[in-house]
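The sequence lines fix the lettering, A, B, ..., with proteins before strands; numbering per chain opens at 1.
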2 protein chains.
Amino acid sequence: MKYIEKLRNAGLRPTKQRLKICEFLFDTQKTFHFTINDLFNKIKKHSKNKISLATIYNTVRSFEKKGYLKQIPINSNQTYFDTNISDHHHFYDLKEGKLIDLENSDVGPINILKKINGKKIKSVEVLVKLEG
Amino acid sequence: MKYIEKLRNAGLRPTKQRLKICEFLFDTQKTFHFTINDLFNKIKKHSKNKISLATIYNTVRSFEKKGYLKQIPINSNQTYFDTNISDHHHFYDLKEGKLIDLENSDVGPINILKKINGKKIKSVEVLVKLEG
DNA sequence: ACACTTTTTTAGAATCATTATAAACTACGA
DNA sequence: TCGTAGTTTATAATGATTCTAAAAAAGTGT
Ligand SMILES: [Mn+2]
Ligand SMILES: [Mn+2]
Ligand SMILES: [Zn+2]
Ligand SMILES: [Zn+2]
């Protein structure tokens with residue numbers, strides 16, 4: 001299995017559940033955005049052995065901590081995750097409630113002129129809200 | 001009272017509670033960031049007549065809808081609001097869990113090169129995460 | 001394979017921010 | 001002052017997330 005190494009490298013035991021979740025998250029060509037509930041339902045629908053909601057939460061949190069997933073800063077009642085872990089930005093279509101990737105190359109270089117004493121910039125994320 | 005007009009203009013009746021909340025939000029020189037709980041506690045502590053939590057929620061939502069407040073897109077279990085409604089950005093100090101304003105003039109001009117068919121850009125917000 | 005320890009999974013309970021409800025209260029125009 | 005629509009409030013409901021603790025699985029050494 002191609003994900004056993006990946007999990008081991010991150011210090012995560014390659015369990016049946018984690019491998020299944022990896023398939024759903026990382027086997028696709030395209031990256032995508034999802035909520036825990038999205039993922040839970042997709043797995044329940046397309047897999048015969050169901051995975052408990054608690055495990056989905058635990059695993060997604062672990063993957064996020066290990067850098068396999070990113071959280072997307074957005075105002076929503078649920079947390080959105082991204083399988084695209086590259087440095088990039090987002091459109092947020094307010095009417096549809098959908099996120100769309102905005103690659104770094106689609107945004108001019110961002111220059112943060114203000115410095116905060118003793119602090120280092122970890123990330124710069126742009127959220128572009130769309131209407132109409 | 002200086003806020004009566006403001007509320008009337010927005011189609012909101014100037015009630016005792018709304019005027020009190022206006023004082024706490026808009027009487028200061030400096031703008032600030034807050035959660036509903038922050039505001040509820042501040043009012044409870046510094047005002048003799050308490051305002052119910054439900055009213056704080058209702059009023060803040062009304063103010064946000066009318067453009068008197070802005071929501072800040074950030075990953076947190078609670079919603080953050082901003083009394084600074086100008087077009088601006090934020091640092092997010094991950095260790096302290098605090099937001100710091102980043103004025104538009106402190107960020108180079110942001111050029112969104114990608115266009116989404118039929119959609120108009122409503123806002124462009126930058127979140128700069130700080131570590132260390 | 002077996003015994004033993006540690007980690008993981010799981011169902012269900014707990015937590016907590018937010019929203020809904022519905023009865024009492026208030027603003028305000030007639 | 002009356003009547004009505006809008007507002008406030010205590011409280012209940014909702015719903016995402018986290019916690020708990022017991023069962024299951026994985027890893028380790030023999
Ligand atoms: Mn979120
Ligand atoms: Mn928020
Ligand atoms: Zn993305
Ligand atoms: Zn701000």
Side-chain angles (χ1 to χ4, degrees), chain A residues 1 3-25 33-44 47-66 68-69 71-81 97, chain B residues 1 3-25 33-44 47-66 68-69 71-81 97:
Chain A
M1 287 295 254
Y3 297 116
I4 292 181
E5 265 316 290
K6 178 169 178 151
L7 291 171
R8 283 243 162 78
N9 285 340
L12 298 170
R13 288 184 179 173
T15 64
K16 197 157 33 56
Q17 290 85 348
R18 283 175 183 157
L19 289 167
K20 177 60 71 181
I21 293 173
C22 278
E23 282 176 40
F24 276 86
L25 292 179
H33 307 122
F34 67 95
T35 65
I36 293 287
N37 221 42
D38 291 343
L39 183 57
F40 178 68
N41 287 323
K42 190 188 276 184
I43 291 176
K44 190 165 63 179
S47 178
K48 63 182 107 183
N49 331 40
K50 92 151 198 181
I51 299 177
S52 78
L53 188 57
T55 296
I56 306 272
Y57 269 102
N58 291 337
T59 304
V60 167
R61 273 206 308 161
S62 294
F63 286 0
E64 200 249 337
K65 191 172 300 174
K66 294 300 179 185
Y68 294 167
L69 293 172
Q71 253 187 266
I72 303 171
I74 191 182
N75 280 118
S76 166
N77 55 328
Q78 22 199 131
T79 303
Y80 277 79
F81 294 90
Chain B
M1 288 296 255
Y3 297 115
I4 292 181
E5 266 316 289
K6 178 171 179 148
L7 291 171
R8 282 242 164 76
N9 286 338
L12 299 170
R13 287 186 179 174
T15 64
K16 196 157 35 60
Q17 291 85 347
R18 283 175 181 159
L19 289 167
K20 177 61 71 182
I21 293 173
C22 277
E23 283 177 39
F24 276 85
L25 292 180
H33 307 123
F34 67 96
T35 64
I36 294 288
N37 222 42
D38 291 343
L39 182 58
F40 178 69
N41 287 323
K42 190 188 275 186
I43 291 176
K44 190 165 63 179
S47 179
K48 61 183 109 187
N49 331 40
K50 92 151 200 183
I51 300 177
S52 76
L53 188 57
T55 296
I56 305 272
Y57 270 101
N58 290 337
T59 305
V60 166
R61 272 205 309 162
S62 294
F63 286 2
E64 200 249 335
K65 191 171 298 174
K66 293 302 179 184
Y68 294 166
L69 292 172
Q71 254 187 264
I72 303 171
I74 191 181
N75 281 116
S76 166
N77 54 328
Q78 29 201 123
T79 304
Y80 277 79
F81 294 90

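- The two residues A:I51 and A:F40 come nearest to each other via the heavy atoms O-CE1, 3.2 Å.
- Counting only heavy atoms from C-beta outward, the side chains of A:I56 and A:N37 never approach each other to under 4.5 Å.
- By the ring pair (Phe, Tyr, Trp, His ring centres under 6.0 Å) test, B:F24 pairs with no residue at all, sequence neighbours left out.
- Annotation: ring pair (Phe, Tyr, Trp, His ring centres under 6.0 Å) contacts of A:Y57 (sequence neighbours excluded): none.
- The CZ atom of B:R61 sits 11.0 Å away from atom OG1 of B:T79, with the distance rounded to the nearest 0.5 Å.
- For the segment residues 50-63 of chain A, the set of residues with a heavy atom within less than 4.0 Å of an atom of DNA chain C comprises A:K50, A:I51, A:S52, A:A54, A:T55, A:N58, in numerical order.
- The shortest side-chain heavy-atom distance between B:T35 and B:D38 falls under the 4.5 Å cut-off.
- Side chains of A:L39 and A:F81 form no contact here, defined as non-hydrogen atoms less than 4.5 Å apart.
- In terms of heavy atoms, B:K66 sits closest to B:A10 at CE-O, 2.9 Å.
- B:T55 and B:N58 share no side-chain donor-acceptor pair at under 3.5 Å.
- You can see that DNA chain D meets the heavy atoms of chain A within a 4.0 Å-exclusive cut from D:dA16 to D:dG27, reading 5' to 3'.
- For DNA chain C, the contact window with chain B, defined by any atom under 4.0 Å from a protein heavy atom, covers C:dA17 to C:dC28 in 5' to 3' order.
- Residue A:P14 comes nearest to A:I4 through the heavy atom pair CG-CG2, 3.9 Å, listed as atom of the first residue, atom of the second, then distance.
- Between B:L12 and B:T59 there is no side-chain heavy-atom pair separated by less than 4.5 Å.
- Where B:K16 and B:N77 meet DNA chain C, the nucleotide closest to each residue was compared, and B:N77 sits on the side nearer the 5' end.
- Defining each end axis of the helix from C:dA1-D:dT30 to C:dA30-D:dT1 as the rotation carrying four pairs' C1' atoms onto the next four, with five pairs an end, the two axes are found to diverge by 30° to 10 degrees.
- Looking at heavy atoms from C-beta onward, A:K6 lies in side-chain contact with A:Y68 at the 4.5 angstrom threshold.
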